[in-house]
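Reading through the structure tokens given below for one structure.
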Amino acid sequence: MEDILEIAGKKISNRLFIGTGKFASLSLMKQALEAAKAEVATVALRRVDSGSKTENIMDYIPESCLTMINTSGARDAEEAVRIGRLAKESGAGNWIKLEVIRDNKYLLPDNIETLKAVEILVKEGFAVFPYMSPDLSVARRMVDAGASAIMPLGSPIGSNRGVRTRELIEIMINEIDLPVIVDAGLGKPSEACECMELGCAAVLINTAIAVSQDPVKMAGAFSRAVFAGRLAYLAGIPAIGKASASSPLTGFLRESKNSQ
């Protein structure tokens, strides 16, 4: 059965999105993207330099991989919108991972400023993917504003602490009529699998792959974990219940004893 994620006019079969920061080299980043067979990669606009005479990160993104520009570094809606416009002018496309952070200690997103930027960028024709703290009320307003997906954090960005916001993410999956893509905090393939088992549309991983001892191998591991979690979700995970034997416990032992 073909399992395609249709989002912002694109069809995507690999639900592992990969961030491109923190890799030891651009060559290693490319190998990781290829190992995962990634179809979507996020790139911070400040790393894109089409006029560079040396290395340009865009040259290392596989042609089969759609680029989503990240507004990393934006501290309010105005700066995020400016980055989006610069991205479009540079030819980087209209997919924007909207990231607005003014908290330098915990790196938590500013949901209110993010919502303001969603409202502006959608009207200008962008496909907007807002990174946010999992707040249902704000998420509903982002839906109304025309966001293409919702990207709640699993735990603080770059922390590798896993799905600390699991209950809130489940609520968003149940209540929001948009793809829910967990972004930030996932440190292990099993945590990506957990998100997919919950019903997330995709996950976005960067640090856990880029800073691992073998990013290429880890990218492959995450890709397989995402596929496994999605397959389990589609198969229908049984509800948790009381003890229940998988085979009959009565009959043959007693019958065997009586026959002796």
Side-chain angles (χ1 to χ4, degrees), residues 5 7-10 12 14-75 79-101 107 109 114 117-118 121 124-132 147-151 153 157-158 179 181-186 192 202-212 215-216 218-219 222-223 226:
L5 171 61
I7 186 168
K10 304 290 185 183
I12 298 164
N14 188 340
R15 293 166 182 267
L16 171 61
F17 297 3
I18 297 182
T20 54
K22 298 184 179 178
F23 284 91
S25 70
L26 294 177
S27 176
L28 187 60
M29 177 204 78
K30 182 179 180 181
Q31 293 177 55
L33 291 172
E34 291 174 341
K37 295 182 172 58
E39 296 178 31
V40 178
T42 63
V43 180
L45 180 64
R46 54 190 171 185
R47 300 187 66 201
V48 178
D49 184 1
S50 58
S52 173
K53 296 181 179 178
T54 57
E55 290 188 314
N56 180 357
I57 189 172
M58 300 302 282
D59 295 334
Y60 289 82
I61 305 293
E63 291 185 4
S64 58
C65 204
L66 189 152
T67 301
M68 180 192 294
I69 291 297
N70 188 339
T71 65
S72 173
R75 294 164 295 180
E79 290 182 357
V81 169
R82 190 184 312 146
I83 292 172
R85 290 169 178 164
L86 287 171
K88 182 179 282 188
E89 290 175 4
S90 70
N94 71 334
W95 276 39
I96 292 289
K97 182 201 161 186
L98 186 56
E99 185 175 306
V100 181
I101 296 175
L107 300 178
T114 301
V118 171
L121 290 170
E124 296 185 8
F126 288 90
V128 185
F129 297 74
Y131 167 60
M132 63 178 297
S148 295
I150 300 297
M151 302 185 77
L153 58 87
I157 191 167
I181 301 170
V182 170
D183 176 15
L186 304 186
V203 296
L204 172 57
I205 311 293
N206 189 169
T207 301
I209 293 175
V211 305
S212 67
V216 176
M218 187 61 79
F222 266 102
S223 184
V226 167

Checking I101, L98, N70 against Y131 for side-chain contact (heavy atoms from CB on, under 4.5 Å), the one that qualifies is I101
Please assess N14 against S223 for the test side-chain contact (heavy atoms from CB on, under 4.5 Å), listing each intermediate value before the final yes or no.
-> CA-CA 8 Å; N14 188 340; S223 184; 3.8 Å; yes
Just wondering, do M29 and I57 contact through their side chains at under 4.5 Å, heavy atoms?
-> yes
For L186 and A192, the nearest pair of non-hydrogen atoms, with its separation, is CD1-CA, 4.1 Å
Would E99 and K97 pass as an ion pair if we require N to O under 4.0 Å?
-> yes
Among all residues two or more places apart in sequence or in another chain, which pass the side chain to side chain contact (heavy atoms under 4.5 Å, CB included) test with A202?
-> L5, R15, F17, I181
About how many Å separate CD1 of I205 and OG of S212, when rounded to the nearest 0.5 Å?
-> 11.5 Å
Please test V43 against I61 for side-chain contact (heavy atoms from CB on, under 4.5 Å), starting from the C-alpha separation and ending with a verdict.
-> CA-CA 9 Å; V43 180; I61 305 293; 4.1 Å; yes
Heavy-atom closest pair (I96 atom, F126 atom, distance to 0.1 Å) is CG1-CD2, 3.4 Å
Give, for atom NZ of K88 and atom CD1 of I69, the distance between the pair rounded to the nearest 0.5 Å.
-> 12.5 Å
So L204 and M151, side-chain contact (heavy atoms from CB on, under 4.5 Å) or not? Walk me through it.
-> CA-CA 9 Å; L204 172 57; M151 302 185 77; 3.7 Å; yes
Sequence neighbours left out, what passes ring-ring contact (aromatic ring centres under 6.0 Å, His included) with F129? Give chain and number order.
-> W95
Sidechain N-carboxylate O distance under 4.0 Å for R85, E124 | yes
side-chain contact (heavy atoms from CB on, under 4.5 Å) between I12 and I7, worked out = CA-CA 8 Å; I12 298 164; I7 186 168; 3.7 Å; yes
